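Take a look at the structure set out below.
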Amino acid sequence: MLPLDEIRTLLSEHDDPHHRERPRDFDAQTSARRFALLTSALERRFGPSGRGGLYQDASAYGRYSVLADGGGPTGRLWVELSNFGGFVTAGTGADWAAHSAEGLSEEFVTWLDEVCTAAGCVFVPLDVLMEPYNGPTPTLVDDDRMLAEALAALGLDDAEGAEDEDDDTPPVWADRYFDYV
């Protein structure tokens, strides 16, 4: 695996506020080939218990999920490919969370990193993606916060947002490279 400082540098270098969904030089064929190589390797490892799918209107290209009883790490396993930099990450559970990487064994992470390298991708550990995002590109977290502020300025109550305790959660790198835009 690349050193974490080098991965952080790559995350910063690929950040472009003028291109939220995919980079200016996005190559659909390259991303399709990378995703096919990743899913093929995951299918060989986990058999028929996995399934891949593509995203739309997101900075993520696609996701491969393995059911909990499919021989994967504890909980449901998922692997995602970003539209940017060939970044790949993985976790367990149904959703993104800071603890999602806890179910990944060192052996699996090493194997996935080797698969990523062979596919021309960069494995990015989830804990790096969960670090605070300080880049120039607005994320959905920022969009939600601006909407809530605008509604409050107009004196309108945001019923859904009023109950959301995570309103003060700062964006993380995962919001930039693996989220809807």
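Note that the structure is a prediction, hence the values are computed from the model and not measured.
Nearest heavy atoms, Ser100 versus Trp78: CB-CZ2, 4.2 Å. Scanning both residues, Ser105 and Phe108, for their nearest heavy atoms gives OG-N, 2.9 Å. Heavy-atom minimum distance, Pro171 versus Thr139: CB-OG1, 3.5 Å. The minimum heavy-atom distance between Pro132 and Trp173, with the atom names listed, is O-NE1, 3.4 Å. Among all heavy-atom pairs drawn from Gly91 and Leu126, the shortest one is CA-CD2, 4.4 Å.
Residues passing the side-chain contact (heavy atoms from CB on, under 4.5 Å) test with Leu37 are Arg33, Ala119, sequence neighbours excluded. By the side chain to side chain donor-acceptor pair (under 3.5 Å) test, Thr30 pairs with Asp27, sequence neighbours left out.
For the side chain to side chain contact (heavy atoms under 4.5 Å, CB included) criterion with Pro125, the lone passing option out of Ile7, Thr89, Val109 is Ile7.
Here the side chains of Glu21 and Ser59 are not in contact, with every heavy-atom distance at 4.5 Å or above. Proximity of Ser65 to Leu77: side-chain heavy atoms (C-beta onward) are nowhere separated by under 4.5 Å. Counting only heavy atoms from C-beta outward, the side chains of Phe26 and His19 never approach each other to under 4.5 Å. When side chains are defined from C-beta on, Thr137 does not count as touching Asp16, because their heavy atoms never get closer than 4.5 Å. Considering only heavy atoms from C-beta on, Phe178 stays 4.5 Å or farther from Leu81 through its side chain. Taking 4.5 Å as the limit, every side-chain heavy atom of Tyr177 sits out of range of all side-chain heavy atoms of Val124. Side-chain contact between Leu112 and Leu104 is absent, with no heavy-atom pair separated by less than 4.5 Å. Residues Gln56 and Tyr180 are not in side-chain contact: their nearest non-hydrogen atoms beyond the backbone lie 4.5 Å or more apart.
Rounding to the nearest 0.5 Å gives a distance of 11.5 Å between OG of Ser40 and CZ of Phe35. How far CG of Leu38 is from SG of Cys116: 5.5 Å, rounded to the nearest 0.5 Å. Remark: His14 NE2 to Thr9 OG1 distance equals 11.5 Å, nearest 0.5 Å. Atom CZ of residue Phe123 and atom OG1 of residue Thr110 lie 9.0 Å apart, to the nearest 0.5 angstrom.
Within the structure, the salt bridge (Lys or Arg N to Asp or Glu O under 4.0 Å) test picks out the following pairs touching residues 54-67 (sequence neighbours left out): Arg63-Glu80. Applying the side chain to side chain donor-acceptor pair (under 3.5 Å) rule to pairs touching residues 117-131 yields Arg8-Glu131, sequence neighbours excluded. Within the structure, the salt bridge (Lys or Arg N to Asp or Glu O under 4.0 Å) test picks out the following pairs touching residues 169-181 (sequence neighbours left out): Asp15-Arg176. Residue pairs meeting the salt bridge (Lys or Arg N to Asp or Glu O under 4.0 Å) criterion with at least one member in residues 103-126, sequence neighbours excluded: Arg45-Glu107.
With Ser49 contributing its side chain and Phe46 its backbone, the two residues share a donor-acceptor pair below 3.5 Å. Of the possible polar contacts, none joining the Arg51 side chain to the Val66 backbone as a donor-acceptor pair under 3.5 Å is found.
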Let's go through Val122 and Val88 carefully: what are the C-alpha distance in whole Å and the side-chain angles of both, what is the deciding distance for side chain to side chain contact (heavy atoms under 4.5 Å, CB included) to 0.1 Å, and is it a yes or a no?
CA-CA 6 Å; Val122 175; Val88 172; over 6 Å; no
Requested in this report: Output, in order, the C-alpha distance, side-chain angles, deciding distance and verdict of side chain to side chain contact (heavy atoms under 4.5 Å, CB included) for Leu11 and Val128.
Outcome: CA-CA 10 Å; Leu11 291 171; Val128 172; 3.9 Å; yes
List the steps, then state whether side chain to side chain contact (heavy atoms under 4.5 Å, CB included) holds for Glu43 with Tyr64.
CA-CA 9 Å; Glu43 287 170 352; Tyr64 187 88; 3.3 Å; yes
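Checking Thr92 against Arg76 by side-chain atom types alone, no donor-acceptor pair falls below 3.5 Å.
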